[in-house]
Amino acid sequence: MKDLLPAGVKLQGEGGIAFVIAGPSGAGKSSVISALLSRDQRLRFSVSATTRPPRPTEVHGRDYYFVSEEEFDRLIAQGALLEWTVYQGHRYGTPRAEVVERLKSGLDVVLKVEVNGARAIRQANLGFPVVLIFLVPPSWEELAKRVRGRGTETAEAVAERLHIAREELKCIPEFDYLVVNDQLERAVARVEAIIQAERMRIVRCG
Ligand code: ADP
Ligand code: 5GP
């Protein structure tokens, strides 16, 4: 196909693209990302470091790097984090090297972060396209139901997560796409459509 293109034009998908998925706790980010990764060989998940304790189903190195406060301090001091934030008293950060190396090798990276992280990744001038996707459940009621239904937080922590969610929803205008996660399969197909379209975007170079 490349021999058909005029000079100074390429497809965005010829290089790596960073797909950032944000949205309130319980929106279904982890569920959607897990389905995407199993279907798309070019996608890699950016495993974040966190000081939060693991949930029963979470695996170190797959879902998060679960680190001590001291280790997180070291990561910051070494400049190893692309961005980091505090959420509900725990720190979460994106390891820079893993993301940049994968993008450089032409792979696409999917990042699961809260809204400040999404903003920071866009402003980081990675030298690669950054696509910001905001995931929402179909209603506020359904959001509350899912956070409670996951059963991984105390009632107090759930209430605080819902309070944070209200604030996060105000950031939707900063995003490129809004995806409703009503049924998981449909939400995954919507995100896949965005990924495919972004890869086919025409880029004028030079
Ligand atoms: P997040 O990563 O955004 O916090 P999760 O992926 O952990 O959200 O999903 C929160 C809860 O909602 C989980 O128990 C998950 O199984 C459930 N869930 C996710 N998507 C759907 C959906 N489309 N319909 C019903 N339940 C869902
Ligand atoms: P959880 O405790 O539910 O796994 O995550 C809490 C919030 O932190 C979620 O909104 C999640 O997307 C966000 N988060 C996870 N990793 C990172 C990260 O590396 N950076 C930022 N900024 N947020 C993150």
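FYI, side chains are in, hydrogens and waters are out, and symmetry mates aren't considered; it's all heavy atoms of this structure. We're numbering straight along the sequence, starting at 1.
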From CZ (R119) to CD (E114), nearest 0.5 Å: 8.5 Å
Single-linkage hydrophobic cluster [X]~[Y], side-chain heavy atoms < 4.5 angstrom:
{"X": "V180", "Y": "V32", "value": "no"}
{"X": "V86", "Y": "Y65", "value": "yes"}
{"X": "L184", "Y": "I194", "value": "yes"}
{"X": "L178", "Y": "L36", "value": "no"}
{"X": "I33", "Y": "Y64", "value": "no"}

Take a 6.0 Å sphere around [atom1] of [X] and say whether it holds more than 12 heavy atoms from other residues, nucleotides or ligands.
{"X": "E69", "atom1": "CD", "answer": "yes"}
{"X": "E141", "atom1": "CD", "answer": "no"}
{"X": "R39", "atom1": "CZ", "answer": "yes"}

Tell me whether E101 is salt-bridged to K104, with the criterion being a basic N under 4.0 Å from an acidic carboxylate O. no
Is there a donor-acceptor pair closer than 3.5 Å between any side-chain N or O of E168 and the backbone N or O of C171? no
Determine, stepwise, if the pair R199 / D108 fulfils salt bridge (Lys or Arg N to Asp or Glu O under 4.0 Å). CA-CA 10 Å; R199 286 175 178 161; D108 296 336; 2.8 Å; yes
Check the pair S25, Q88 against side chain to side chain contact (heavy atoms under 4.5 Å, CB included), reporting the backbone distance first and the verdict last. CA-CA 11 Å; S25 177; Q88 253 191 350; over 6 Å; no
Just by distance, no angles: are the side chains of K112 and S48 close enough, under 3.5 Å, to form a donor-acceptor pair?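 Judged by distance alone, the side chains do not pair up.
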If you look at every heavy atom in F66 and P54, which pair is closest and at what distance?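 Heavy-atom minimum between the residues: CE2-CA, 3.4 Å.
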Nearest heavy atoms of K170 and P173, plus distance in Å: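 In terms of heavy atoms, the two residues are closest at O-CD, 3.3 Å.
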Please tabulate, for the side chains in residues 124-138, all donor-acceptor contacts under 3.5 angstrom to protein atoms that are two or more places apart in sequence or on a different chain.
none

Quick one: are E192 and D40 in side-chain contact, heavy atoms under 4.5 Å? no
Got a list of side-chain donor-acceptor pairs under 3.5 Å for residues 6-20, not counting sequence neighbours?
residue	atom	partner	partner atom	Å
Q12	NE2	E198	O	3.1
Q12	NE2	E198	OE1	3.0
E14	OE2	L11	N	3.2

Among residues at least two apart in sequence or on other chains, which ones pass salt bridge (Lys or Arg N to Asp or Glu O under 4.0 Å) with E142?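 Checked E142 against salt bridge (Lys or Arg N to Asp or Glu O under 4.0 Å); matches are K145, R146.
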With R91 as reference, evaluate L81, T50, D73 under the side chain to side chain contact (heavy atoms under 4.5 Å, CB included) test and give the passing residue.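 For R91, the side chain to side chain contact (heavy atoms under 4.5 Å, CB included) test succeeds with only one of L81, T50, D73, which is D73.
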